[in-house]
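Worksheet: one structure, shown below.
Heavy-atom basis, side chains included; hydrogens, waters and symmetry copies ignored. Order of appearance sets the numbers: ligands from 1, and atoms from 1 within every ligand. Given the structure is predicted, the values throughout are model-derived calculations rather than measurements.
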Amino acid sequence: MLPMVEKDTPVLQEEAQRLYGLLGNVSKTKAEKWTLQDCLSAAPYTLAINRIKKEKNAVILAHSYTTPDLVYGVADFRGDSYELALKARASSAEVIVFAGVWFMAETAKIINPAKRVLIPAGKAGCTLADSMTGLQVQALRAKHPGVPAMCYINSSAEVKAACDVCVTSGNVFDIAQKMPGNELIFVPDMLMAENLENELKRRGTPKKIIADGGSCCVHDKYRPADVAQLRAKYPGIKVVAHPECAPEVCRLCDYVGSTKGMTSYVASSEDNLFGMLTEMGLVNRLEAEQPNKKFVWPFGICSYMKKNSLINTFEALTQPRADQIVQVEPTIAAQAKKTIDKMFELAV
Ligand code: 13P
Ligand code: SF4
């Protein structure tokens with residue numbers, strides 16, 4: 001069902017101009033920027049979604065990796081996984097629409113069991129969250145009795161329920177430092193686990209990290225040669241990476257941090273040119289919000305995040321499909337909530 005908005009009305013033109021003002025400097029593909037025509041096509045949806053979300057007392061949270069028409073056209077809050085978890089926790093809306101991947105919407109539902117939580121993309125996966133089950137975590141814990149278990153937020157509710165504390169890329173190092181003992185189980189990002197062990201050693205608080213799981217299909221594609229090529233082609237460039245990248249890549253970068261961390265690094269830097277070893281959505285946000293800086297982005301698109309669109313956001317708000325309605329088994333949710341609450345407690 002398409003939104004009922006007349007074509008070529010002044011309202012539509014005005015909305016297209018509003019969107020173009022936000023998106024005009026943003027890349028749509030590697031070679032093209034968003035055009036006024038793109039914004040005209042998006043405008044019927046953004047107008048309808050923004051009207052319906054008010055009628056339904058809904059709030060839209062969009063991860064920075066979703067497309068800019070969502071991030072700037074309809075989202076009430078945009079950010080990384082920790083920022084959005086905080087917004088979900090603080091929200092007084094009746095309905096939360098989470099434009100992101102399944103584990104993020106699931107986390108919002110666990111934090112807000114009484115609210116309706118919708119995800120436009122349906123069961124959008126994540127190679128990290130899908131790499132491990134709760135039973136595998138239990139088996140790992142049985143092999144290492146007494147060792148605390150920490151999970152990355154990119155994990156299923158079952159994995160969270162089987163751990164003691166959850167972390168995001170923004171607080172993983174600080175929370176790990178606060179965990180007792182000199183051993184720590186960390187799942188399900190094997191590369192972040194190595195980065196964590198290295199960072200704890202660098203901070204003078206070493207721990208043996210016992211890791212299992214997989215890697216992010218976007219960040220695990222970067223190789224040391226990508227950094228070398230950026231430096232050779234653009235002398236003086238600052239190269240930044242997400243801690244889901246391989247340690248041999250991170251070691252060569254000027255800054256390694258979460259989506260929010262990278263944004264702050266670019267904002268506070270006096271440099272002008274940045275090589276971005278991360279997902280395209282963050283590059284788009286920087287283009288929109290820091291237009292006086294230049295970004296070189298070799299590649300990296302999360303196809304799971306890009307499953308969210310204006311069309312399925314409109315559908316989720318009006319007539320959600322079963323897979324767009326987030327439900328979590330109550331016993332698992334209650335256990336996982338303790339793990340997430342522990343993160344909020346330790347992240348301060
Ligand atoms: P952030 O915590 O930086 O939002 O990362 C989430 C994610 O999925 C990165 O790939
Ligand atoms: Fe998962 Fe990687 Fe996509 Fe982030 S970018 S949601 S870690 S697959």
Side-chain angles (χ1 to χ4, degrees), residues 61-67 70-71 75 77-89 98-108 119-132 150-156 159-160 165-176 186-193 195-196 199 211 213-222 240-246 249-250 253 255-266 276-286 297-308 340 343-344 347:
L61 312 183
H63 191 274
S64 297
Y65 293 178
T66 58
T67 53
L70 284 170
V71 169
F77 300 104
R78 48 197 77 93
D80 68 6
S81 49
Y82 187 63
E83 292 175 292
L84 295 181
L86 284 177
K87 292 296 178 196
R89 190 167 69 140
F98 205 122
V101 288
W102 183 261
F103 77 81
M104 294 181 177
E106 191 177 58
T107 302
I119 172 165
K123 293 230 153 108
C126 160
T127 55
L128 281 172
D130 298 340
S131 69
M132 238 186 141
M150 195 164 101
C151 60
Y152 191 28
I153 198 164
N154 295 41
S155 56
S156 66
V159 165
K160 289 185 178 82
V165 65
C166 162
V167 296
T168 72
S169 56
N171 53 38
V172 52
F173 305 131
D174 293 344
I175 292 184
F186 181 69
V187 294
D189 188 336
M190 303 285 283
L191 299 180
M192 191 178 281
N195 287 324
L196 174 60
E199 177 63 13
S215 67
C216 162
C217 59
V218 175
H219 293 96
D220 191 10
K221 287 222 169 77
Y222 294 113
V240 305
H242 194 279
E244 288 169 11
C245 294
V249 172
C250 293
C253 291
Y255 177 81
V256 179
S258 66
T259 301
K260 183 174 180 224
M262 286 188 265
T263 308
S264 309
Y265 173 81
V266 170
M276 306 302 299
L277 302 189
T278 190
E279 213 277 342
M280 180 185 184
L282 176 59
V283 181
N284 292 155
R285 285 210 57 190
L286 295 169
W297 164 73
F299 52 83
I301 292 184
C302 178
S303 56
Y304 305 106
M305 289 280 188
K306 304 305 189 213
K307 282 187 181 164
N308 295 277
I340 298 166
M343 168 180 74
F344 289 129

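Scanning the protein heavy atoms around atom 8 (O) of ligand 1, the nearest turns out to be N154 ND2, 3.1 Å. In terms of protein heavy-atom proximity, atom 3 (O) of ligand 1 is nearest to T259 OG1, 2.6 Å. Taking atom 2 (Fe) of ligand 2 as the reference point, the nearest protein heavy-atom neighbour is C216 SG, 2.3 Å. For atom 2 (O) of ligand 1, the closest heavy atom belonging to the protein is S81 OG, 2.6 Å. Taking atom 3 (Fe) of ligand 2 as the reference point, the nearest protein heavy-atom neighbour is C302 SG, 2.4 Å.
Counting non-hydrogen atoms of other residues, nucleotides and ligands closer than 6.0 Å to NZ of K307 gives a total above 12. The number of heavy atoms from other shown groups lying within 6.0 Å of NZ (K87) does not exceed 12.
Taking any N or O of Y82, backbone or side chain, none lies under 3.5 Å from an N or O belonging to ligand 1. Considering backbone and side-chain atoms together, E244 places an N or O closer than 3.5 Å to an N or O of ligand 1. The distance criterion of under 3.5 Å between nitrogen or oxygen atoms is not met by T168 with respect to ligand 1.
The heavy atom nearest to atom 4 (Fe) of ligand 2, out of those in D130, I153, V101, N154, is found in N154. Counting only non-hydrogen atoms, the option in E83, H242, H219 that gets closest to atom 5 (O) of ligand 1 is H242.
The backbone N or O of C217 sits less than 3.5 Å from a side-chain atom of T127, completing a donor-acceptor pair. Between the side chain of N308 and the backbone N or O of G100, at least one donor-acceptor pair lies under 3.5 Å. Of the possible polar contacts, none joining the K306 side chain to the T67 backbone as a donor-acceptor pair under 3.5 Å is found. Remark: the backbone N or O of T278 is paired with a side-chain donor or acceptor of Y222 at under 3.5 angstrom. Side chain of N195 to backbone of C245: a donor-acceptor contact under 3.5 angstrom is found.
Residue C126: an N/O/S atom is found under 2.8 Å from atom 1 (Fe) of ligand 2.
Looking at every heavy atom in both residues, E279 comes nearest to H219 through N-NE2, 3.9 Å.
Heavy-atom contacts of D80 reach the following atoms of ligand 1: 1 (P), 3 (O), 4 (O) (cutoff under 4.0 Å). Within ligand 2, the atoms closer than 4.0 Å to a non-hydrogen atom of T127 are 8 (S), numbered from 1 in the order shown. Per-residue contacts place L128 under 4.0 angstrom from the following atoms of ligand 2 (heavy atoms of the residue considered): 7 (S).
Distances from ligand 1 to the non-hydrogen atoms of H63 include at least one value under 4.0 Å. The shortest heavy-atom distance from K260 to ligand 1 is not under 4.0 Å.
When heavy-atom distances to ligand 2 are checked against a 4.0 Å cut-off, E279 has no atom that comes that close, whether in backbone or side chain.
Using a 30° and 60° split on the angle between ring planes, H63 and Y65 fall in the perpendicular class, above 60°. Between Y152 and F186, the ring planes are tilted. Angles from 30° to 60° get that label.
Side chains of D80 and T259: no donor on one and acceptor on the other come within 3.5 Å.
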